[in-house]
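The next block holds one structure in the form of structure tokens; read it before the comments.
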2 protein chains.
Amino acid sequence: METRELRYFVAVAEERHFGRAAERLGIAQPPLSRAIQQLERRVGARLLDRTTRGVALTEAGAVLLAEGRAALDAVDAAERRARRTHDGAGLVLVSKAGASEELLAKLLDAYAAEASAVEVDVQLCGPGQQERLLRDGRADVALLHRPFDATAGFDTEDLTTEGQAVFLPAGHPLAARGPLRMADVAQEPLPRWPLPDGSYPDGPGPRVRDTAQLRQLVSLGRAIAVLPESARHGLADDVVAVPLVDAPPVTTVIAWPAHSRSRALADLVRVAGRL
Amino acid sequence: METRELRYFVAVAEERHFGRAAERLGIAQPPLSRAIQQLERRVGARLLDRTTRGVALTEAGAVLLAEGRAALDAVDAAERRARRTHDGAGLVLVSKAGASEELLAKLLDAYAAEASAVEVDVQLCGPGQQERLLRDGRADVALLHRPFDATAGFDTEDLTTEGQAVFLPAGHPLAARGPLRMADVAQEPLPRWPLPDGSYPDGPGPRVRDTAQLRQLVSLGRAIAVLPESARHGLADDVVAVPLVDAPPVTTVIAWPAHSRSRALADLVRVAGRL
DNA sequence: CTCCGGTGATACCTCTGGGGTATGGGCGGG
DNA sequence: CCCGCCCATACCCCAGAGGTATCACCGGAG
């Protein structure tokens, strides 16, 4: 199976429409139809149910969509990592903006002190995007937070575990009370995080893309946030953090693709483990 | 990057020789040379150092070889799993021959009793091959044994942990003594297991491919074996198992590709977790 | 030093098959 | 019932993958 065929299939499966998929791929619709037919012959299975209104995935098609996305990411990763190796670029570390800031700073300092340290390119992103970056080779290593981020398919090492706290504007009624419970904040307008496809769930609450944005909204009195304790690091005094005693603990882990074997990555992980 | 290019590159990188790689690929050498040049232009990096005696990998080439193999496995997996879904085939479970036999039997029985059970195709193989089968889609789920098997990149769930024992022919001098220590068997001719590439390390000791073979050799008095305790299950009385008190414990885990989401697999894992 | 064998690269040809345009067939909605 | 939307088919073109013949280069044997 060629990656071209797989890319074509993924486009059609996602658009559920040959015309739109062809446009997205920059080709005409008829060759796309033919390519999918050829792919179906090759796989030996019908992948799409065609109707006059569009297409639907068969069971086999759904499997090929899921597995094919992973395969395309792996191919992209191979190309990107080879190119970056040639360019002499260092490691790309990805972390959620505003999360584990202190830990990240310590890690970067400690690693930079190593004799064999290479340049570390830090990339910040919103939640749920790190896994994708790690999978398609745009990043080499990530800081993830269990149980929020999926660590499936990566090698990981636990770094720290901490409780969560409620972050409130200084004047908020709950700010004066002692430690809170989940029930205390159940009625508050919690922010909405994007789903994996980039859209937001319906409902009240402001839309946020990362913790840094959220911090600003809290400071503006437009939202309250439930975040790991360490998010209080570097906070101005217009936001207060109140421990949330019955929230599940959050573990920060360092994660990397399972088959990675580079010296630089191994050093970074070793340094992280010693923090 | 097309899978064809990647396959060509992996062949040349493995053979370290354009002529042999071309033969293996079933094409002539000149188009292979051109394809690699085109790949190097596309990646933007020299991947091979050509000499008049053959080729050597550059650093970028080594990265592309490692990542490319994983990517090709992922592409193969996508195709195989889609085909098997269409054919209505059930799950393929792979386990090492002779290992965890009782656990495997219980798992298969318990799963078969589920209302929504599908057919489970059991495939037995030698050590170190399960990961490959899981990665390239020839299997859906595996029983692995930590710390012997690499579980990196898979989702896993621990099933049982057990100690190891020495398996001896009934008349062996050590068979009469009580529990043994590692030092007691250090001088014995332990069997040689194949390396990941299929070859065997140099040295004394018989070559074995799986635990079932090994059991027969022990019974014939040609070898002694260090295996998890559960390997004593179903053993004839011409072989005795003596506990090895200071051997590292072995954990049997059930493992599956991280992105697998099939109902049948989820059921099987759930059943395994309840054993 | 020369020559030979083996290695990858180049030149040039062939023809497969991927992509384009034009058009057909079939179904749902107004 | 007809129009519009959507995917499939027919047919053409040419980029590019693959083949053969040959070259250029280097190491080693004599």
Side-chain angles (χ1 to χ4, degrees), chain A residues 1-62 64-65 68 71-72 75 79 82 86, chain B residues 1-62 64-65 68 72 75 79 86:
Chain A
M1 202 167 43
E2 291 303 313
T3 47
R4 182 182 49 82
E5 299 174 287
L6 207 45
R7 256 187 277 272
Y8 285 7
F9 172 74
V10 168
V12 175
E14 285 179 354
E15 299 286 346
R16 287 182 165 51
H17 190 289
F18 277 79
R20 282 195 300 274
E23 192 178 358
R24 183 172 125 186
L25 293 165
I27 64 171
Q29 170 262 317
L32 180 57
S33 282
R34 259 180 308 153
I36 300 294
Q37 289 173 40
Q38 179 179 331
L39 180 62
E40 288 180 316
R41 275 196 305 274
R42 184 198 294 264
V43 174
R46 208 158 39 78
L47 300 169
L48 299 170
D49 283 322
R50 281 86 160 166
T51 73
T52 52
R53 286 290 142 218
V55 293
L57 289 173
T58 63
E59 202 183 344
L64 188 63
L65 176 58
L72 289 177
V75 172
E79 182 170 345
H86 173 261
Chain B
M1 201 167 42
E2 291 303 313
T3 46
R4 182 182 50 80
E5 300 175 287
L6 207 45
R7 255 186 278 273
Y8 286 7
F9 172 75
V10 168
V12 175
E14 285 179 352
E15 299 285 346
R16 286 175 166 59
H17 190 288
F18 277 80
R20 283 195 300 274
E23 191 178 357
R24 184 172 124 187
L25 293 165
I27 65 172
Q29 171 261 318
L32 180 57
S33 281
R34 258 181 307 149
I36 300 295
Q37 288 173 40
Q38 179 180 329
L39 180 63
E40 288 180 317
R41 275 197 305 276
R42 184 197 295 264
V43 174
R46 208 157 40 78
L47 301 169
L48 299 170
D49 283 323
R50 281 85 159 166
T51 73
T52 52
R53 286 288 140 220
V55 294
L57 289 174
T58 63
E59 202 184 343
L64 188 63
L65 176 58
L72 289 176
V75 171
E79 181 170 345
H86 173 261

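Each chain gets a letter, A, B and so on, in the order its sequence line appears, and its residues count up from 1.
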Let me know the distance between [atom1] of [X] and [atom2] of [N], rounded to the nearest Å.
X	N	atom1	atom2	result
L32(A)	dA8(D)	CG	P	9 Å
F18(B)	dG18(D)	CZ	P	14 Å
R16(A)	dC6(D)	CZ	P	15 Å
D49(A)	dC6(D)	CG	C1'	15 Å
L25(B)	dG19(D)	CG	C1'	15 Å
R41(A)	dA8(D)	CZ	C1'	13 Å
Q38(A)	dT9(D)	CD	P	14 Å
R20(A)	dC7(D)	CZ	C1'	13 Å

Identify, between I27(B) and G19(A), the residue whose nearest nucleotide on DNA chain D lies closer to the 5' end.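 Here G19(A) is the residue nearer the 5' end.
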DNA chain D: T52(A) or P31(A), which has the more 5' nearest nucleotide? T52(A)
Report yes if the side chains of E14(A) and R24(A) come closer than 4.5 Å at any heavy-atom pair, otherwise no.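 SC-SC contact between E14(A) and R24(A) confirmed.
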Worked verdict on Q29(A) versus S33(A) for side-chain hydrogen bond (donor to acceptor under 3.5 Å, both in side chains): CA-CA 6 Å; Q29(A) 170 262 317; S33(A) 282; 3.0 Å; yes
Is atom CD of E59(B) surrounded by more than 12 heavy atoms (other residues, nucleotides or ligands) closer than 6.0 Å?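 No - once you tally the heavy atoms of other residues, nucleotides and ligands closer than 6.0 Å, there are 12 at most.
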First and last nucleotide of DNA chain C in contact with chain A, 5' to 3', at under 4.0 Å to a heavy atom: what are they? dG18(C) to dG28(C)
Side-chain (E40(A)) to main-chain (L47(A)) donor-acceptor, under 3.5 angstrom: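 Such a contact is found between E40(A) side chain and L47(A) backbone.
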Treating R20(A) as the side-chain partner and E15(A) as the backbone partner, does any N or O pair qualify as donor plus acceptor under 3.5 Å? yes
Y8(A) six-ring centre to R4(A) NZ/CZ under 6.0 Å and within 45° of normal: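 That pair qualifies as a cation-pi contact.
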Among L64(A), L48(A), D49(A), V12(A), which one satisfies side chain to side chain contact (heavy atoms under 4.5 Å, CB included) with L57(A)? L48(A)
Please classify the nucleic acid contact of [X] as base, sugar-phosphate, or nothing, using heavy-atom distances under 4.0 Å.
X	answer
R34(A)	base
Q37(B)	sugar-phosphate
R53(B)	base

Test salt bridge (charged side-chain N to carboxylate O under 4.0 Å, His left out) on R7(B) and E2(B); report intermediate values, then the result. CA-CA 9 Å; R7(B) 255 186 278 273; E2(B) 291 303 313; over 6 Å; no
Where do T3(B) and M1(A) come nearest, in terms of heavy atoms and distance? OG1-O, 2.8 Å
So for the helix from dC1(C)-dG30(D) to dG30(C)-dC1(D), with five pairs setting each end axis, what is the inter-axis angle to 10°? 20°
